[in-house]
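Every value quoted in this text rests on a predicted model; they were computed, and no experiment measured them. In what follows, every chain begins at residue 1, and chains take the letters A, B, ... in the order their sequences are listed.
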Amino acid sequence: MTGALVAHQITVRYDRQRVLDRVDLRIAAGETVGLRGPSGSGKSTLARVLALLRAPDSGHVTLDGQRLPGVRHRLPAAVRTRVAILFQSPRAATDPRLSLADVIAEPLRATGTPRERARARASELADLVGLTPDLLARRPHAVSDGQLQRACLARALVHRPAYLLCDEATAMLDASTQAHLAAVVTDYQRRHGAGVLLVTHDASLMARWATRVVELPAGGRPTD
Amino acid sequence: MTTTAPATTTTAHGEHRPTLLDVDGLTVRFRLRETVVHAVTDLRLTVRPGELLAVVGESGCGKSVLAHALLGLLPGNATVTGQARLHPPAGEPVDLLGCGERRLARQVRGRALGLVPQSPATALTPVRTGRRLLEETLRAHDHSRRDAATAADRLAVDVGLDPADLDRYPHELSGGMAQRLVTALALAPDPPLLLADEPTTGLDRPLVDHTLDLLRRRCDTGAAVLLITHDLAAARRVADTVAVMYASRLVEHRPTEALFDTPIHPYTAGLLDALPERAFRPVPGHPPMLTDLPPGCAFAPRCDRATDICRTPPPPMPHGPGRAACHHPLGASA
Ligand SMILES: Nc1ncnc2c1ncn2[C@@H]1O[C@H](COP(=O)(O)OP(=O)(O)OP(=O)(O)O)[C@@H](O)[C@H]1O
Ligand code: SF4
Ligand SMILES: [Mg+2]
């Protein structure tokens, strides 16, 4: 059986409002699934459930056939790090006290990688995403939003995830940076056989990038 | 200061119109521990009443710094030189770079020159609801208490926000809702010139179009908007002219259709080729380091038209829309 990250019958409520209602979604290794739907249809919530950041109210996630018992730190690091997510706003997703080099290396340090190795891997990834060396010593406030998002992509790839979830991750980027990051992701995907989820409002980007598109209607029941 | 910026420009058709904003030689440097960041260099541009000017360019090229420089909002490690004059239709011209913080705070920011900031979530005061923020802004700009309440609802509707959502606190807003709220806050004082820095981030397509049309309508009634956007389709939809920035400089400023149909700067052509509906090919090479720019054209390392002469700076661009700063512009015989 080939690997897949799968959401089974996921239901999520915020307060009394149900944002996802028994949703199924499958991301197979090597494919790029586009997920679209109106504002508020629960695309980001579904992405967070698949990223193992949020427990659903009912339903479950399987990773390469294995049913996952929980989320976040209740999962062993070796499982957790197989899925990475990239959000729309890099400001909200980075610690303002860290240099960009440390932002990228942070997940390695969290799993106990030796300092030198972490540093070498961070600068290799920085180059891959197009961050010039002068930016690595700076903190988030001294770089632009687009430069910070490049650092977030490098951080997302640091543990070589098998699944990468991009939630409007290039929505705030200029065309060239967007095409560059898309090429970085696609190249990574080809080399590692990774599965990619692409959440975007941009129809041209969806048409160009996704290999298959799933619609999530308001109220959260998808039609494949 | 020895020179005074002219109060009129000659447009492509030779007509004279008063300018609203006149920027000449604007330069911004940031001092960091061991280096200097060249964030904006010798930038010239004018904005006329009724004009919607879009500024586009690669991430990190200096677009937001340009907006913050005009508003006196840069951090302490920044040095700003050059000229920037605002000629509000009512009232005295303002020397934006020289008039001082007091005058900027009291008479300029918000009132004469508005800003929709790029990171809305961090721009909102967390302990006040949207309604309270909006009504305070309206009352600071000559609305009575009663009038402010209705005006707040109207502004919410204008930006595509449900007035009921004004009663939420900033942390209860989605990214797109926060974006619409900061846009409403910037529109509240009805400034003659609005600097909108990525005002459509986080919005879905119908709301993007709604916001763009709102900015367009402002210009059609005589106000002006400087729209900073990474979204080339957005620029194309509403802008009269588009200015392309690369490595801290403006490299091409042209009427919108002309720029999209026949770009003349190689960087503009590369940026357009990166669109997913065109080649989806990034501009080759890495973006430049603003701490270490070459003396000549900064695009040379990525440019397939570069020759020896590109090691010298291309001639400066004229004030108004029309040309590009390049030794070998596209479409010209080599
Ligand atoms: N406080 C600061 N100190 C040093 N450098 C800074 C500071 N703020 C911004 N910069 C640098 O100035 C340059 C211009 O930044 P700016 O935020 O204007 O980019 P931008 O064109 O708006 O990019 P984006 O499209 O990603 O928003 C960038 O290279 C950035 O790293
Ligand atoms: S000046 Fe030379 S290097 Fe610069 S864009 Fe023009 S041709 Fe290319
Ligand atoms: Mg910016």
Side chain from CB out, backbone as N, CA, C, O: work out which of these in [X] comes under 4.5 Å of a heavy atom of chain A, or both, or neither.
X: B:S64; result: neither
X: B:A233; result: neither
X: B:T291; result: both
X: B:V56; result: neither
X: B:L271; result: both
X: B:L272; result: neither
X: B:R33; result: neither

Worksheet item: Side chain, backbone, both or neither: which part of A:A203 has a heavy atom under 4.5 Å from chain B?
Response: neither
Would you say [X] has more than 12 foreign heavy atoms packed within less than 6.0 Å of its [atom1]?
X: A:R115; atom1: CZ; answer: no
X: A:R91; atom1: CZ; answer: yes
X: B:R205; atom1: CZ; answer: yes
X: A:R109; atom1: CZ; answer: yes

Discussion item. If we define contacts as heavy-atom pairs under 4.5 Å, which of A:L173, A:D127, A:L148 has the most with chain B?
Written reply: A:L173
Worksheet entry | For chain B, the option from A:H141, A:H180, A:Q149 that forms the most heavy-atom pairs under 4.5 Å | A:H180
Worksheet item: B:S59 side chain to A:Q147 main-chain N or O, any donor-acceptor pair under 3.5 Å?
Response: yes
